[in-house]
> 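Provided herewith is a single structure, encoded as structure tokens, for subsequent inquiry.
The chains referred to below are lettered A, B, ... by the order of the sequence lines, with proteins before strands, and numbering in each begins at 1.
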Amino acid sequence: MPTAPQRRLLVTSALPYANGHIHLGHLVEYLQTDIFVRFQRLRGHQAIYLCADDTHGTAIMLRARAEGRSEQELIAAMREAHLADFTDFQIAFDHYGSTDSPANRRLCGELWQALRERELVVTREVQQLYDPEAGVFLADRFVKGTCPKCGGGDQYGDACEQCGATYAPTELVDPVSTLSGARPEVRSAEHLFVTIEALHEFLAQWTQDSGAVDPRIANYLNGHFLSEPLRDWDISRPAPYFGFEIPDAPGQYWYVWFDAPVGYMAATEEWCQQQGGRLEDWWGRDDAGNPRAEIHHFIGKDIVYFHTLFWPAMLEAAGLALPTKVRVHGFLTVNGQKMSKSRGTFILARTYLEHLDPGMLRYYYAAKISGGIDDLDLNLEEFTAKVNADIVGKVANLASRTARWLTASGLSAVYPDDGGLFAKAAADGEAIAAAYEAGDFARAMRLVMQAADRANAYIDAEQPWKLAKAGPEAAGRLQDVASVAVNLFRQLAVYLAPVLPRLAEQAGTLVGGPIRHWAEATRPLAGIPVAGFQPLARRVEQAQIEALVAASRSAVEASPPAGSPVTHTSGASTMDETPAAFSSADPAAPLEAEPLAEECTIDDFGKVDLRVARIVAAEEVPEARKLLKLTVSLGGDVTRTVFAGIKGFHDPAALVGRLVVVVANLAPRKMKFGLSEGMVVAASGAGAEGVFLLSPDTGALPGMRLR
RNA sequence: GGGCCCGUAGCUCAGUGGUUAGAGCAGGGGACUCAUAAUCCCUUGGUCGUGUGUUCGAAUCACACCGGGCCUACCA
């Protein structure tokens, strides 16, 4: 067999954000990257798989504050959780770093220096709304006000959802900071920009012609960005910001999207320190200007822009190697819909592991991933049927139904005539490998399953169970048939090893020792012992799926979403912090004064029927010290009388017409001044005078239930 | 509004110019009993979204339309 020259591949997955746990959407990316890397190694190439936690940015800062601990404590805990999830899914990183590392800080500095030397950095004043109470500049999404075009209320700072108009936040009428409620003022702030337009020609050429970018993606970039001058990239954020301070711009921090991709390099450097070699061997260019290694980035479609424009621009400016391939995938849907907490389809990696075998998901994803950017649907019914039929019924069954006849005798001394079955599957090996290489794992799995079908048909035709009963004169024939079956099984295990490393191990234990190379699928084994058969995989039962969905509902309810302003609901990859998000320094006092209540279940919560209601009448109760008498409408002609303890904080006349939230199924209570038929929900607590009524967003109608 | 992708058997999809369009699952019938209600054989089922065109020949190419999805809407 001709030996292909050994390739050197550096492979990455996007860095998961340290703001949340790994879920099945993330795993679409990490599993396919892991499969790709394992495949390359099995083919005899050197492939290193690098990743890291993405730790910087506003969301981390806010969450750490909300949880009353330092950013470092938060990201250390999240890193541990991430690594445990990845490890248990058999995702084998060669190194897993952190963007909050000395190596990353140093490398950011070097890239920054390169940008400076090529005079690609400019400073500009930016007019922005500033929250004087919270002491921060406000990103568009942290400002609300009245649309300057149509007069619609309660609109964000960048666009009106009612009339579709877009505008600058400074144009908003009656703007309000969503952080503090204060009225923002217009201030100037100094920001640093990278003038990537200077690299326009390079980027146009690279995205269109290098082969690194899928033509469809290249076309998208061409239409959206490269058809006109590239805008300067706002690369800095003023304090307060959790990140690296820019060395030559005190008080300014690198925006998280600057230091995140550099994390790929930092992880490489740390790996080199442990394993040997130099960073330049992976990220450098040789004397002819060609990369010294292949670089493959696996990313979700949401972060194409950063990996195909900014990141190559940075690398080019620094004279570093450019990505060989940016492999873009879609998001995960479950049962055809976006993952949903209420449906129990927002499934955390950990929750899955508590109910099911990680190999089953690895196989299912592999069978569905065809290298395109379309979303991948996890249909739970199909999942059950497919993994049971393919892995258990076809592949594992091959060994399960024949291996025991070889425990005493071992494999036949010479590989028997199998009608060309082994040779056929061996010949398919290159087509399977080509499919893996192209990222079309679905095609690879189809080819493997065809081979499994042929193998099972062979066993049925040979009827070894009859030979087993036929007595000693049939023993040789039985050994031959079983030897063929076990060899065909091991051959499939080789092809499936990138997807199912555990199955490959078990196959090696059963016969022939560890599977180390793809070429083992071309040589049948003979004359060696066969170990006692151990079950390889358990069927997925409907009850397990139901338990997983039920647990996902409660797991989400139990985890405190408060203080985690960024949630990656459907994205398979992260690294996407809300651009230009700023925070206020929220005090800890309210939470400290009243710690969280005991955990409750979704069922507990479901007993409380919260409804939107409109206040149709409000009047003073002269004798009462704290109470106002409210009449609220739940829609139609359903009204309730509610006594609310908000006297002194709210003017009754101003309340009329306002939407509030009421507990609609609270048992009526006789009070001194009458019967109260519900309760208006309001916030109050330490650190603030007052009682704050809750209001729904525009569009809510009386009678709508809160969940 | 613009861009891109998709629409093939009940479901998931393969097939991208050439003989009567395929697979898996599901359905029906049978076989087998070694195996985790596993396996094997046979079988039902499709005017390949619609229309027009190019061609000796179209699921496959072009155009239009219908339906679904993703991205984008002067933001990165």
Side-chain angles (χ1 to χ4, degrees), chain A residues 139-141 156-159 164-169 193-194 196 214-225 227-235 255 257 300-306 309-310 328 330-331 333 336-338 364 367-368 370 372-379 381-406 435 440 442-443 445-447 449-450 452-469 478 481-482 485 489 533-541 570 576-580:
Chain A
D140 294 353
R141 59 166 13 211
Y156 283 110
D158 51 353
T166 57
Y167 39 78
F193 291 81
V194 176
I196 55 168
D214 180 283
R216 282 172 299 189
I217 302 286
N219 179 48
Y220 155 77
L221 294 171
N222 213 18
H224 280 279
F225 303 105
S227 57
E228 53 190 80
L230 293 162
R231 285 181 198 80
D232 296 344
W233 184 27
D234 187 350
I235 197 62
Y255 175 44
W257 261 110
K301 62 184 178 183
D302 54 333
I303 57 176
V304 161
Y305 176 81
F306 295 95
L309 294 179
F310 286 144
V328 184
F331 295 150
T333 56
Q337 296 178 288
K338 284 191 173 178
Y364 183 79
K368 302 278 279 190
S370 55
I373 55 175
D374 295 331
D375 289 351
L376 186 159
D377 186 48
L378 166 58
N379 181 292
E381 218 168 289
E382 186 197 21
F383 170 82
T384 308
K386 191 160 193 66
V387 299
N388 284 343
D390 290 357
I391 300 185
V392 180
K394 290 178 182 175
V395 177
N397 195 29
L398 278 176
S400 170
R401 64 193 300 200
T402 58
R404 64 196 190 86
W405 290 311
L406 297 173
D440 191 351
R443 181 179 185 83
M445 294 307 103
R446 279 198 303 274
L447 290 167
M449 288 311 142
Q450 281 169 17
D453 285 341
R454 294 193 298 266
N456 275 306
Y458 167 86
I459 295 172
D460 265 72
E462 298 298 331
Q463 300 181 311
W465 53 92
K466 286 192 175 162
L467 298 171
K469 287 171 186 160
L478 174 64
V481 171
F489 165 70
F533 178 77
Q534 302 292 324
L536 300 165
R538 259 210 308 271
R539 291 173 56 79
V540 174
E541 302 297 340
S570 63
D576 57 339
E577 196 223 4
T578 305

> What distance, rounded to whole Å, do you find between the two C1' atoms, one in G51(B) and one in U19(B)?
28 Å
> What is the distance from CD of Gln337(A) to C1' of G69(B), rounded to the nearest Å?
14 Å
> Select from Lys466(A) and Asp390(A) the residue whose nearest nucleotide in RNA chain B is closer to the 5' end of that strand.
Asp390(A)
> Grab the CG-P distance between Leu230(A) and C74(B) for me, whole Å please.
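Atom CG in Leu230(A) sits about 17 Å away from atom P in C74(B).
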> I'd like to check Val395(A) versus Phe489(A) (side-chain heavy atoms, cut-off strictly below 4.5 Å). Are they in contact?
yes
> Please figure out whether Arg446(A) or Asp375(A) has its closest RNA chain B nucleotide nearer the 5' end.
Arg446(A)
> Compare all side-chain heavy atoms of Asn456(A) with those of Leu398(A) and state whether any distance is below 4.5 angstrom.
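Side chain of Asn456(A) against side chain of Leu398(A), heavy atoms only: contact under 4.5 Å found.
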> From CZ of Arg443(A) over to P of A14(B), roughly how many Å is that when rounded to an integer?
10 Å
> List, with names and distances, any nitrogen or oxygen atoms from the protein found under 3.5 Å away from nitrogen or oxygen atoms belonging to nucleotides 2-12 of chain B.
residue, atom, partner, partner atom, Å
U12(B), O2', Glu382(A), OE2, 3.3

> Is the shortest heavy-atom distance from the side chain of Thr402(A) to the side chain of Phe533(A) under 4.5 Å?
no
> Arg231(A): which residues meet the salt bridge (Lys or Arg N to Asp or Glu O under 4.0 Å) condition with it, sequence neighbours left out?
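Listed in chain order: Glu228(A).
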> With a 6.0 Å cut-off (strictly less than), is the heavy-atom count around CZ of Arg538(A), excluding the residue itself, greater than 12?
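Result for CZ/Arg538(A): open.
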> Does Phe310(A) reach a base, just sugar-phosphate, or nothing at all? Heavy atoms under 4.0 Å.
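Sugar-phosphate, backbone atoms only, no base.
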> With a 4.0 Å cut-off on N to O distance, would you call Lys368(A) and Asp377(A) a salt bridge?
no
> For residues Ile217(A) and Leu221(A), determine if any side-chain heavy atom of one lies less than 4.5 Å from a side-chain heavy atom of the other.
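Touching, per the 4.5 Å side-chain cut-off.
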> Give me the distance, rounded to whole Å, that separates A62(B) from U54(B) when you measure between the P atoms they each carry.
15 Å
> How far does the P atom of C65(B) sit from the matching atom of G10(B), given to the nearest Å?
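Those two atoms are separated by 29 Å.
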> Without decimals, in angstroms, what is the distance between Tyr255(A) OH and A76(B) C1'?
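It is 7 Å, rounded to the nearest whole Å.
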> What distance, rounded to whole Å, do you find between the two P atoms, one in U8(B) and one in U47(B)?
12 Å
> Distance check, P atoms only: G68(B) and A31(B), in whole angstrom units.
48 Å
> Mind telling me whether Trp233(A) and Phe310(A) have parallel, tilted or perpendicular rings, with 30° and 60° as the class edges?
parallel
> Let me have RNA chain B in dot-bracket notation, would you? Count Watson-Crick plus G-U wobble pairs, both distances under 3.5 Å, and use [ ] for pairs crossing earlier ones and | for inter-strand partners.
((((((((.[[[[.)..(...]]]].(((((.......))))).....[[[[[..)....]]]]])))))))....
> Would you say the side chain of Asp375(A) lies within less than 4.5 Å of the side chain of Lys301(A), judging by non-hydrogen atoms?
yes
> Pick the P atom in U12(B) and in C74(B), then give their distance to the nearest Å.
35 Å
> Whole angstrom is fine here: how far is it from CE in Met445(A) over to P in C25(B)?
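Those two atoms, CE and P, are 17 Å apart.
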> Do Ile373(A) and Tyr220(A) make a side-chain contact, defined as non-hydrogen atoms from C-beta onward lying under 4.5 Å apart?
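Contact flag for Ile373(A)/Tyr220(A) side chains = no.
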> May I ask you to say what Lys386(A) touches in the nucleic acid, namely base, sugar-phosphate or nothing, with a heavy-atom cut-off under 4.0 Å?
nothing
> Among all residues two or more places apart in sequence or in another chain, which pass the side chain to side chain donor-acceptor pair (under 3.5 Å) test with Asn222(A)?
none
> Please state the P separation for the pair C32(B) and C40(B) - nearest whole angstrom.
16 Å
> Picking from C25(B), C71(B), A76(B), which would you name as closest to the side chain of Phe331(A)?
C71(B)
> Starting at CZ of Arg404(A) and ending at P of U33(B), how long is that distance when rounded to a whole Å?
14 Å
> Show the atom names and distances, to 0.1 Å, of all donor-acceptor pairs under 3.5 Å that link a side chain in residues 459-469 of chain A to residues at least two apart or in another chain.
residue, atom, partner, partner atom, Å
Asp460(A), OD1, Arg401(A), NH2, 3.0
Glu462(A), OE1, Arg477(A), NH2, 2.8

> I need the NZ-C1' distance between Lys469(A) and C34(B), as an integer number of Å.
8 Å
> Distance between the C1' atoms of U60(B) and G49(B), in whole angstroms?
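Straight-line distance between the two C1' atoms is 15 Å.
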> Give me, pair by pair, the N or O atoms of the protein and of nucleotides 36-42 of chain B that are less than 3.5 Å apart, along with how far apart they are.
residue, atom, partner, partner atom, Å
U36(B), O2, Arg539(A), N, 3.3
U36(B), N3, Ala537(A), O, 2.4
U36(B), O4, Leu536(A), N, 3.4
U36(B), O4, Ala537(A), N, 3.2
U36(B), O4, Ala537(A), O, 2.7
A38(B), OP1, Arg539(A), NH1, 3.4
A38(B), OP1, Arg539(A), NH2, 2.9
A38(B), O2', Gly393(A), O, 3.4
A38(B), O2', Asn397(A), ND2, 3.1
U39(B), O2', Arg401(A), NH1, 3.1
U39(B), O2', Asp460(A), OD1, 2.5
U39(B), O2, Asp460(A), OD2, 3.3
C40(B), O4', Asp460(A), OD1, 3.4
C40(B), O4', Asp460(A), OD2, 3.1

> Is there a side-chain contact between Trp257(A) and Ile303(A) (heavy atoms, below 4.5 Å)?
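Heavy-atom side-chain distance check passes, below 4.5 Å.
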> Whole angstroms only, please: what is the CD-C1' distance between Gln450(A) and G22(B)?
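Whole-Å distance recorded here is 11 Å.
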